[in-house]
Amino acid sequence: MIDLAQLRREPDTVKAALARRGVSESTMDEILALDIEHRRLLQGAEALRAEVKELSRQVGEARRAKDVATAEKLTTTSREVGDRERVASEVSERVATTLRDALLMIPNVPDARVPDGIDDSENVEVRRWWVDMDQGEPQPTYADFQRVPHWEIGNELGILDMESGAKIAGSMFPLFRGAGSRLLRALSSFSLNHNSGEYEEIRPPSFALTETMMATGHLPKSADDMYAIERDGLWAIPTAEVPLTSLRRGEILDAGVLPLRLTAQTACFRREAGAAGRDTRGLLRVHEFDKTELFAYCTPEQADDAHADILRRAEELLQALGLTYRLLTLCTGDLGTASAYTIDLEVFSPGVDRWLEVSSVSWYRDFQSRRANVRYRTSDGTTALVHTVNGSVLGWVRVWAALVETYRQADGSVKLPDVLAPYFGGDTTIRTKTS
RNA sequence: GGAGGGAUGACAGAGCGGACGAAUGUACCGGUCUUGAAAACCGGCGUGGGCUUGCUCACCGUGGGUUCAAAUCCCACUCCCUCCGCCA
C-alpha cells in the first residue's frame with residue numbers, strides 16, 4: 001500500500017510517478033477527495049463519541065451522589081447523542097472502507113531507476129554472462145546436439161513425464177522421474193546449502209490466509225492467478241515471499257536484528273489464468289514449480305545492499321551451474337504491483353532457443369510492510385516501517401530445462417556440472433537405461 | 001472429532017460494569033549516591049489515527065451484541081494448553 005501521508009504531502013510527485021504505471025490522475029484525485037471526506041466525518045463522529053463518554057462519566061458521578069433525577073436526565077441525553085454517534089460512525093466507516101479498498105488497488109510508486117515501457121519487450125538489459133566470456137569468447141556457442149527441447153530430452157531419458165503429470169492433476173503440472181526428480185532435489189539443496197549460513201532456513205506452510213496474501217500485495221489484485229481452497233479460506237502460495245513477508249507480521253523488530261535474512265524452499269502454485277495457450281510446451285510455464293527464495297526485512301538504508309546481496313547470490317548459482325544468463329531492469333509496464341524496482345534474471349535455454357525467467361529480485365520499499373505492519377525501533381526510540389526485499393535463487397523447473405538442454409552430449413546423455421556431483425553420488429551423467 | 005482450561009503492555013501478572021490505556025513486579029532508559037560498578041532511592045517507560053499541539057479517538061486474541069457507560073456481561077470464531085479418540 002502506498003503512503004497516504006506522502007500522497008497528501010506531495011500529491012503532484014506521487015501522481016506523476018504513478019502515472020508512469022498507468023494510474024490516472026483522476027483516480028488519485030478521487031482518493032485524495034475520499035481522504036478529506038473521511039477525516040471530516042471522523043472528526044464529527046469522534047466529537048460525539050467524546051460527548052457520550054463525558055456524559056457517561058457524569059451519570060456515574062450522579063449515581064454515586066444518589067442524585068437519581070440528574071442521572072436519569074443525563075442518561076436520556078447520552079442515549080440521544082449515542083444514537084447520533086452511531087450513525088456518524090457508520091458513515092465515516094463506510095468512507096474509510098471505500099478509501100482503503102481504493103488504496104489497495106494502487107501499485108507501488110516506481111523507483112527512478114525503473115525505465116518507462118508498455119510491456120516486457122521494453123525491459124532494459126543490464127548485462128550478460130556466459131562460460132568463458134573472460135577467455136575472450138564473444139558469445140556462447142551451442143552444438144546441434146544442444147538444440148533439442150527439454151521435453152524431448154526428458155522423454156528420451158525418462159526423466160520428465162508431462163503426460164503422467166496431466167493424468168494426475170491436469171495439463172501444466174509436471175512430473176519428474178528418476179534422475180530428473182533427483183536433479184530437482186539437488187538444485188534445491190545446492191541453493192539452500194549455499195545460502196543458509198547468512199539466511200535463516202525456513203520451511204513455511206504452502207497455504208496462506210487471505211490476510212497473509214494481502215500483505216504481499218497478491219490480493220486483492222491478483223486473485224485470479226491464485227489457487228483458492230475456498231472451504232477452508234486458504235490460498236496456495238504463488239511464492240515463498242508470501243509466508244516470509246508475514247513471518248513477523250504485526251511486530252516491532254529491534255533494529256539490531258536487521259537486516260533479518262531468510263531463505264525458504266517451497267512449491268509455488270500459479271493458475272496462469274491470463275497466459276492460456278502461451279508458452280505451454282514442456283516446462284516453459286507450469287502450474288506448480290519448486291523455487292528457493294531469499295528474503296530480507298531491513299531498514300531503508302540497508303535496502304540497496306540487501307537487494308545487491310540477493311542478486312549476487314542468484315548470479316553465483318547460475319555461474320556455478322555454467323548457464324548463460326542476462327539481467328534485465330523491469331520497465332514500468334512489467335513491474336509487479338508491489339515492487340518499486342525489480343531486476344529479472346533470464347537464463348538462455350539453447351534447445352528451445354529462448355531466454356527463460358528464473359529469478360526476480362525486487363525491492364518493495366515499505367509497500368508490503370505497511371500492509372503487513374512490520375516495523376522496527378529506530379535509534380531515537382520511534383518506530384518506522386521496515387523495507388522488504390526478496391528474490392528467487394532460483395526457479396528450479398526452468399533451470400532444470402536449461403540445464404538438460406545446455407549439457408546434452410553428442411550421444412544423447414546429459415552431463416551435469418560437477419558442482420552437483422555430491423548430490424548424485426559422484427556421477428552426474430544421466431543416460432538412458434539402454435545406453 | 002469429543003471434554004475442560006486459557007488469551008491483558010517487552011516479559012510475568014492483577015483487574016471481572018463507571019474515576020482503567022490499565023495495579024504490581026521484572027526488564028529497559030535517565031538521575032542521586034559512589035573513585036568506578038553493584039545495591040538503594042527518585043523519575044521516565046505501549047501502539048496507531050485526527051485536528052485548532054493541546055486536546056481528542058481507537059486498541060486488553062478476532063468479529064458481533066447488551067448498556068448512559070465494556071478489559072469486565074452475552075454470542076460466534078481463531079489460537080494456545082491438558083485429557084480422550086484418530087493418524088504420518
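All chains are named by letter (A, B, ...) in the order of the sequence lines, taking the proteins before the strands, and each is independently numbered beginning at 1. Since the structure is predicted, the reported quantities are computational estimates derived from the model, not experimental observations.
- Between Leu74(A) atom CG and U67(B) atom P the separation is 18 Å, expressed in whole Å.
- In this structure A27(B) sits in no base pair that meets the Watson-Crick or G-U test at under 3.5 Å.
- Here Thr383(A) reaches the OP1 or OP2 of G48(B): one of its side-chain N or O atoms lies under 4.0 Å away.
- Whole-Å rounding puts the Arg40(A) CZ to C51(B) P distance at 13 Å.
- Distance noted for atom C1' between G5(B) and G61(B): 16 Å (whole Å).
- The residue Arg64(A) sits close to a base: some heavy atom pair falls under 4.0 Å.
- Distance noted for atom P between U82(B) and C29(B): 36 Å (whole Å).
- Side-chain proximity of Val52(A) to the nucleotides C68(B), C57(B), C51(B) is greatest for C68(B).
- Within 6.0 Å of the CD atom in Glu93(A), the count of heavy atoms belonging to other residues, nucleotides or ligands does not exceed 12.
- Across all strands shown, U72(B) remains unpaired; no Watson-Crick or G-U wobble contact has both distances below 3.5 Å.
- Note on Arg377(A): only backbone sugar-phosphate atoms sit closer than 4.0 angstrom, heavy atoms only; bases stay farther off.
- Between Ile252(A) and Thr76(A), the residue anchored nearer the 5' end of RNA chain B, judged by the nucleotide with its closest heavy atom, is Ile252(A).
- Residue Leu42(A) places its side chain closer to G49(B) than to any other of C57(B), C68(B), G49(B).
- The interatomic distance linking Asp67(A) (CG) with C68(B) (C1') rounds to 15 Å, in whole Å.
- Nucleotide C55(B) is matched to G50(B) when pairs are restricted to Watson-Crick or G-U wobble geometry with both distances under 3.5 angstrom.
- Across C57(B), C51(B), C68(B), the shortest atom-to-atom separation from the side chain of Ser78(A) is found for C68(B).
- Pairing partner, U67(B): none, since no Watson-Crick or wobble contact has both distances short of 3.5 Å.
- We find that CZ of Arg57(A) is positioned 12 Å from P of C57(B), with the value rounded to whole Å.
- Across A10(B) and C77(B), the matching C1' atoms stand 28 Å from one another, rounded to whole Å.
- For the residue pair Asp304(A)/Tyr341(A), the side-chain donor-acceptor check at 3.5 Å is not satisfied.
- Side-chain N/O atoms of Arg79(A) include one lying less than 4.0 angstrom from OP1 or OP2 on C68(B).
- With respect to Arg312(A) and Glu315(A), no salt bridge is recorded, no charged nitrogen being found less than 4.0 Å from a carboxylate O.
- Glu61(A) contributes no side-chain N or O that forms a donor-acceptor pair with the base of G18(B) under 3.5 Å.
- For Arg182(A) and Tyr423(A), the positive end is not near the middle of the six-membered ring at less than 6.0 Å and at most 45° from its axis.
- Applying the Watson-Crick and G-U wobble criteria (two distances, each under 3.5 Å), C87(B) pairs with nothing in any strand.
- If you measure from atom CG of Asp232(A) to atom P of C77(B), you get 16 Å, rounded to the nearest angstrom.
- For the OP1/OP2 pair of A58(B) and a distance below 4.0 Å, the side-chain nitrogens and oxygens of Lys53(A) include at least one atom meeting the criterion.
- In this structure, Glu46(A) places its CD atom 9 Å from C1' of C51(B), rounding to the nearest Å.
- Each of Glu25(A), Glu30(A), Glu10(A) was checked for a salt bridge (charged side-chain N to carboxylate O under 4.0 Å, His left out) with Lys15(A), and the lone residue meeting it is Glu25(A).
- When the P atom is compared between G17(B) and G13(B), the two are found 22 Å apart, to the nearest whole Å.
- The side chain of Arg8(A) places an N or O atom within less than 4.0 Å of a non-bridging phosphate oxygen (OP1 or OP2) of G50(B).
- The P atoms of U72(B) and G65(B) are separated by 14 Å, rounded to the nearest whole Å.
- Within 6.0 Å of NZ in Lys415(A) there are more than 12 heavy atoms belonging to other residues, nucleotides or ligands.
- U82(B) is paired with A3(B) under the criterion used here, namely a Watson-Crick or G-U wobble arrangement in which both key atom distances are under 3.5 Å.
- Comparing G25(B) with U8(B), their C1' atoms are spaced 15 Å from each other, to the whole Å.
- With the nearest nucleotide of RNA chain B identified for both Gln58(A) and Arg39(A), Gln58(A) has the one nearer the 5' end.
- With a cut-off of 3.5 Å on both Watson-Crick or G-U wobble distances, the partner of A40(B) is given as U32(B).
- Within the 4.5 Å cutoff, the side chain of Asn155(A) has no heavy atoms near those of the Trp151(A) side chain.
- For Phe176(A) and Trp400(A), the distance between ring centers is under 6.0 angstrom.
- Between Arg375(A) and G48(B) there is a side-chain polar atom (N or O) within less than 4.0 angstrom of OP1 or OP2.
- Atom CG of Leu48(A) is separated from atom P of C57(B) by 12 Å (rounded to the nearest Å).
- Between G18(B) and A71(B), the distance separating the two C1' atoms is 13 Å to the nearest Å.
- Counting atom types as modelled, Arg63(A) pairs a side-chain N or O with a base atom of G18(B) as donor and acceptor under 3.5 Å.
- Whole-Å rounding puts the Leu4(A) CG to G50(B) C1' distance at 12 Å.
- Considering only side-chain N and O atoms, Arg49(A) lies nowhere under 4.0 angstrom from the phosphate OP1 or OP2 of U56(B).
- Comparing the P positions of A14(B) and G9(B) gives a spacing of 13 Å, expressed to the nearest Å.
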